[in-house]
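When a ligand or atom number is given, it counts from 1 through the structure's own listing order.
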Amino acid sequence: MKKPNVYVTRMLPQPAIDLLQEHCDIEINPDDRVLERAELLAKVRGRDAVLCLLTDTIDEEVFAAAGPQCKIFANYAVGFNNIDVAAATRHKIMVSNTPDVLTDATADLAWTLLFATARRVVEADKYLRDGKYKGWGPMLLLGLDITGKTLGVIGTGRIGGNFAAKAKGFKMKILYNDIQPNPAFEAETGGVLVDKETLLKEADFVSVHVPLMPSTHHLISTNEFKLMKKSAVLINTSRGPVVDEKALVKALKSGEIWGAGLDVYENEPAVEPELLECENAVLLPHVASGTIETRTNMGLIAVRNILAAMNGEVPPTVINKEVWG
Ligand code: DGY
């Protein structure tokens, strides 16, 4: 029997590729770069399934190019703001994502950013490597305490919940803001639901864990920075456009907030040039899920979604299940 024909838009960890190859005829983008639009449109044509990335914009035109035989676009990410799911549904194409397997890694990286920003780890490392360290100093590179402080969590889904649960060892008071109360989050973390304004005013560390959608675009902007403590730190591992990057630069430069730890940017991979000048910002290149184990598991989930779709089964983490069947 003819094997399904699958396109993979960029090389993934080998175990995922091996599993896909066992059951399908596959073609993989041979270059370690994002496909140009024209290449993407050409490469998806006539495929039964496509394994795509958060850096691929998948919209009406792409689904039309893929053709009516195409069953699924499996996104290699938990976030799927790069995919027009309504258009996929119109084309009767399923869309899946990779939840759960990256929750710990992403929450761990939010903590990494929190520690690194509060304790000025990157600045201190550079200081030493630059040969500036001449001996212990009482005022050298002073940072902020973490233990016992107030943690503000905006968005309490899987990652926000996991991040907050990890605060236990630091005896932190937890405030949270979400579109509705989250009793499970409260039970696990002792978190208290407050409005966004209260959270911003009272938290020492504010960490954002919301999906990107029209209502969360620039959720943190000029007014929000004004509300925050001068000693506050902002952490963003969600999506760049959730934070107004120009307003953030102003807040960092004027001392309106103390620091920021970011893994995502408004116009990725571009970064606001002035942000690069801010020593009180720790800037990472969107690596929150970037561990060997997690990226492998993300690949395996994406492949399992494809294999299920090819077998007429419900893909385990399908987003638009109404298309199935
Ligand atoms: C996601 O999965 O949405 C992350 O941003 C990348 O792993």
Does K71, at its NZ atom, have more than 12 non-hydrogen atoms belonging to other residues, nucleotides or ligands within less than 6.0 Å? no

Once the angle between the rings of H91 and F63 is folded into 0 to 90°, is it parallel (under 30°), tilted (30 to 60°) or perpendicular (over 60°)? tilted

What atoms of ligand 1 come closer than 4.0 angstrom to any heavy atom of H286? 4 (C), 5 (O), 6 (C)

Below 4.0 angstrom, N of the basic side chain to O of the carboxylate: do R129 and D125 qualify? yes

Closer than 4.0 Å to some heavy atom of S289 - which atoms of ligand 1 meet that? 6 (C), 7 (O)

For M298, the ligand 1 atoms whose distance to one of its heavy atoms is below 4.0 Å: 7 (O)

What atoms of ligand 1 come within less than 4.0 Å of a heavy atom belonging to R239? 1 (C), 3 (O), 4 (C), 5 (O)

Which atoms of ligand 1 sit under 4.0 Å from any heavy atom of L102? 2 (O), 7 (O)

Non-hydrogen atoms of L252 and N280 that approach each other most closely: O-ND2, 3.1 Å

Counting heavy atoms only, which part of V264 comes closer than 4.0 Å to ligand 1: side chain, backbone, both or neither? neither

Non-hydrogen side-chain atoms of L234 and M228 separated by less than 4.5 Å: yes

With heavy atoms under 4.0 Å as the rule, classify the contact between L54 and ligand 1 as side chain, backbone, both or neither. side chain

Determine whether the aromatic ring centres of F80 and F73 lie less than 6.0 Å apart. no

